[in-house]
Structures are given as structure tokens and as C-alpha cells.
Amino acid sequence: MQHMPVYLDNNATTPCDPRVVEAMLPCFTTHFGNAASRNHAWGWAAEEAVQQAREEVAGLIGADQQEIVFTSGATEALNLALKGAYEAYAVKGKHLITVQTEHKAVLDTCHHLEKLGAIITYLPVDGQGLINPDDLKAAIRPDTILAAVMYANNETGVIQPIPEIGRIAAEHDILLLTDATQAVGKIPLNVSKEGIGMLAMSAHKLYGPKGAGALYVRRRSPRVRLTAQMDGGGHERGMRSGTLNVPGIAGLGKACALAADEMAGEALRLAVLRDKLEAALVAQTGAIVNGGGAPRLPHVTNLRFPEVKGTDLLRVVSREIAVSSGSACTSANPEPSHVLLAMGVPEELAHSSLRFGLGRFTTESDIDRAIETVNHTVRSLHAIYNL
Ligand SMILES: *Cc1c(COP(=O)(O)O)cnc(C)c1O
């Protein structure tokens with residue numbers, strides 16, 4: 001096989017854990033039934049696999065199994081949550097609150113709702129990427145339906161104070177929706193204790209398959225109402241019609257069960273490796289940690305490298321390590337990351353930022369290779385620029 005770089009882009013997607021693949025396989029072949037077929041053994045076996053997954057997903061986040069709605073991923077879950085609540089709570093109002101550093105799945109959905117008449121407040125963040133809970137309180141109006149605040153940021157790993165935000169939401173009688181796609185299975189969280197009304201997650205960010213995810217929808221105190229965005233056979237208690245993706249759902253369930261057992265130990269191991277990477281690069285290249293002063297996910301670091309051109313840095317390091325940069329390369333002219341800009345990082349430094357996402361299969365020698373590669377690249381670029 002050709003020389004492969006080290007994979008340090010686990011925030012973009014994770015590999016499937018082989019134990020997850022094993023749990024999925026029977027659902028393609030022997031247990032291929034439609035979970036909605038009530039009259040024969042194939043249907044019952046599929047329904048049983050879905051039911052087990054529902055309990056595993058619910059168990060990981062402190063929910064009841066009846067509160068889990070399976071979707072195709074976090075993007076769909078967030079669309080259902082935002083559009084579904086906007087329709088269902090129209091009598092209360094048209095005002096939503098979110099944050100400038102949210103994922104595009106939230107921001108673009110909000111932009112869509114604005115075209116339909118929604119009023120949206122986009123809360124700023126401080127230099128560390130955190131919102132100020134007082135800003136949230138001040139933004140709440142009598143016609144506010146919900147606040148959408150992500151649990152942990154996909155670019156920086158910065159963790160918002162969700163329990164505090166949940167208390168504010170409850171006091172003011174608005175719903176809290178959290179995009180927990182990067183947090184679920186990585187750090188402990190509990191929807192009941194943290195005042196979360198809805199939570200979005202995705203299997204492929206926690207060692208499960210792509211194309212499977214879930215929305216947690218609270219059933220009591222308060223019961224969250226949603227208008228379905230997909231009409232059809234009334235699956236998922238009417239909230240998301242469509243034949244269930246049984247293999248994907250079984251994979252999501254297994255991924256959650258593994259995370260419940262292993263995430264505490266995994267977080268400790270990855271924090272050691274992340275800290276080693278971060279400390280070495282800060283000391284040897286003068287890099288600065290984006291969001292370094294905030295609580296962060298244990299396996300993520302986002303570093304800005306002063307005095308190097310982002311495009312040069314990424315081109316050279318990509319031969320040895322797979323990472324993401326602080327540029328959204330959706331066009332010929334890359335845009336600087338909206339997350340880093342909202343944190344006050346200057347455009348040039350956003351471009352010269354790199355995101356390292358460690359994962360379950362990252363080893364210490366991977367980290368040593370990453371340190372060596374980035375140090376060498378930054379030093380060579382400095383030498384070239386000074387010629
Ligand atoms: C990956 C990601 C999403 C989108 O999830 P999909 O399942 O790929 O649609 C949404 N929010 C965050 C924070 C993510 O990291």
C-alpha cells in the first residue's frame with residue numbers, strides 16, 4: 001500500500017469500530033426485515049435490533065428510549081428540530097436564538113427559516129469561543145421559541161456551559177436544542193440533568209456508520225412538540241417517516257454502548273496524547289491554542305501558527321498527516337473559518353490554523369510523527385520566507 005498519512009481528522013468523521021461493523025452485518029443478510037413488518041419473524045428481528053439500539057442510544061445520554069427519533073444523521077436531526085419546532089410553536093412566536101459559532105447544519109437552517117419570517121438572534125462568543133449566559137438571558141423575548149447552543153464545537157472542541165444554559169432556558173420557558181454531535185460518546189452528558197429539550201447526534205462521529213443519527217426529543221416537563229418534516233408511514237411516532245435504516249441504527253446503538261463502557265478511559269488516554277502534541281507544538285513553533293482558555297474536548301486541539309501561510313502549511317503537512325485547516329475550502333477562494341473569526345482570530349491567522357482531532361485508533365507514534373512533521377514544516381517555511 002502507498003505511504004499513508006496519519007489520520008488526525010476524527011472531528012470530520014471517525015472510522016467504524018470493527019465491533020460496530022460486526023453488530024451491523026446480520027441486519028443486511030439474515031435479519032434483513034422491515035422493522036415495521038408486524039406479521040413475521042423477519043420484521044420482529046429487525047424491530048428487536050432497532051429496539052436494542054434505541055435503549056443503547058438513550059442509555060448513553062440519560063434519556064428514555066421513547067424519546068429517541070432515528071434520522072439519517074445530525075444534519076437531518078437539526079433540520080427536524082429547528083423547522084419542526086418553528087412550525088409547532090408558531091402560536092408562541094417566531095424568535096429563535098443561536099450562536100455565531102454553530103455548525104452550518106444549524107446556521108443554514110436558521111437562514112432558511114429567516115426567509116420564512118423567523119427572527120433570529122446570533123449570539124457572539126468571547127475570545128475563547130464561549131457565549132456569555134447573560135447575553136442569552138438578555139436576548140430572550142416573550143415570543144422566543146428556543147435557543148440552539150452546540151455542546152462542543154467541531155473546530156475547536158470548546159464546550160459551552162450547557163447545564164447553566166439549560167437552567168436559563170427552563171426559567172424563561174424556552175426550549176434548549178443542543179447539537180451534541182461532537183460531544184456524545186466523548187464526554188459524559190445527561191439530557192435530564194442538564195435541562196436539554198432536544199439533542200442531535202450522529203453515528204459517524206463516534207465510530208459508527210455514516211448515514212445514521214438521532215434526535216432526542218423530550219417527552220415530559222416539558223413535552224416537546226415537533227411538526228414532522230418527512231411525511232409518510234408515520235414511523236418514529238410520526239416525527240420521521242421512512243423505512244428505518246436498520247443496519248445503520250444497529251451500528252449507532254453498538255457505537256453508543258461501546259462509548260458508554262469505554263469513553264472515560266479513552267478520554268484520559270487521548271488527553272495525554274493531545275496535551276503532548278499541543279505542548280510540543282506550542283513550545284517549538286510558537287503556535288497558539290484557539291480556545292485554549294476554555295473547557296475543551298479531551299481529544300481536540302486547534303492551533304494557529306503565526307508567520308506561516310495557511311495554504312503552504314496545509315499543503316506540506318498533508319503529505320504526512322490528515323488534518324483540517326481554518327479555511328472552508330468550498331470554493332476556489334477559501335473562506336476563513338466563521339468559528340475562528342467569531343472568536344476574534346484575524347483572517348490570516350484563521351487561514352494558518354490547523355485542527356487536530358485524535359481518536360480511538362490514534363497511537364503515541366502517530367502523535368510523535370505529527371509533532372515532527374509540523375515542527376519541521378513550520379521551521380522550513382520560516383527559513384524559506386526569510387530568504
Ligand atoms: C458532523 C457534524 C454535523 C453534521 O452531522 P452529519 O451526521 O454528518 O449530518 C453537525 N454538527 C456538528 C457539530 C458536526 O460535527
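Just the heavy atoms: all of them, side chains too, but no hydrogens, waters or symmetry mates, feed the values below. For this chain, numbers begin at 1 and follow the sequence in order. Just follow the structure's listing: the first ligand is 1, and inside any ligand the first atom is 1.
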query: So, is Ala74 polar-close to ligand 1, with some N/O to N/O distance under 3.5 Å?
result: yes

- prompt: Considering residues, nucleotides and ligands other than Glu307, do more than 12 of their heavy atoms fall under 6.0 Å from its CD?
  reply: no

field: Charged tip of Arg240 within 45° of Phe70 ring normal and under 6.0 Å
entry: no

field: Non-hydrogen side-chain atoms of His103 and Thr181 separated by less than 4.5 Å
entry: no

- prompt: With only distance considered, is Gln182 within less than 3.5 Å of ligand 1 through an N or O on each side?
  reply: yes

- prompt: Has the side chain of Lys186 got a donor or acceptor atom that lies under 3.5 Å from a matching backbone atom of Lys205?
  reply: yes

- request: Have a look at ligand 1 and work out which part of Glu76, if any, has a heavy atom under 4.0 Å from it: side chain, backbone, both or neither.
  value: neither

- prompt: Taking non-hydrogen atoms only, is Thr75 closer than 4.0 angstrom to ligand 1 via side chain, backbone, both or neither?
  reply: both

- request: Evaluate the ring planes of Phe305 and Phe356, with Trp represented by its six-membered ring, and classify them as parallel (under 30°), tilted (30 to 60°) or perpendicular (over 60°).
  value: perpendicular

- prompt: Are there more than 12 heavy atoms of other residues, nucleotides or ligands under 6.0 Å from atom CD of Glu372?
  reply: no

field: Contacting atoms of ligand 1, where contact means under 4.0 angstrom from a heavy atom of Gly73
entry: 7 (O)

message: Side chain, backbone, both or neither: which applies to His204 and ligand 1 if a contact is any heavy-atom pair less than 4.0 Å apart?
response: side chain

- prompt: How are the rings of Trp42 and Phe32 set to each other: parallel, tilted or perpendicular (split at 30° and 60°)?
  reply: tilted

message: Looking only at protein heavy atoms, which one is nearest to atom 11 (N) of ligand 1, and what is the separation?
response: Asp179 OD2, 2.7 Å

- prompt: Considering only the protein, which heavy-atom contact is closest to atom 1 (C) of ligand 1, and what is its distance?
  reply: Lys205 NZ, 1.3 Å

query: Can you list the ligand 1 atoms lying under 4.0 Å from a non-hydrogen atom of Ser202?
result: 6 (P), 7 (O)

query: Does Ser72, backbone or side chain, put an N or O under 3.5 Å from an N or O of ligand 1?
result: no

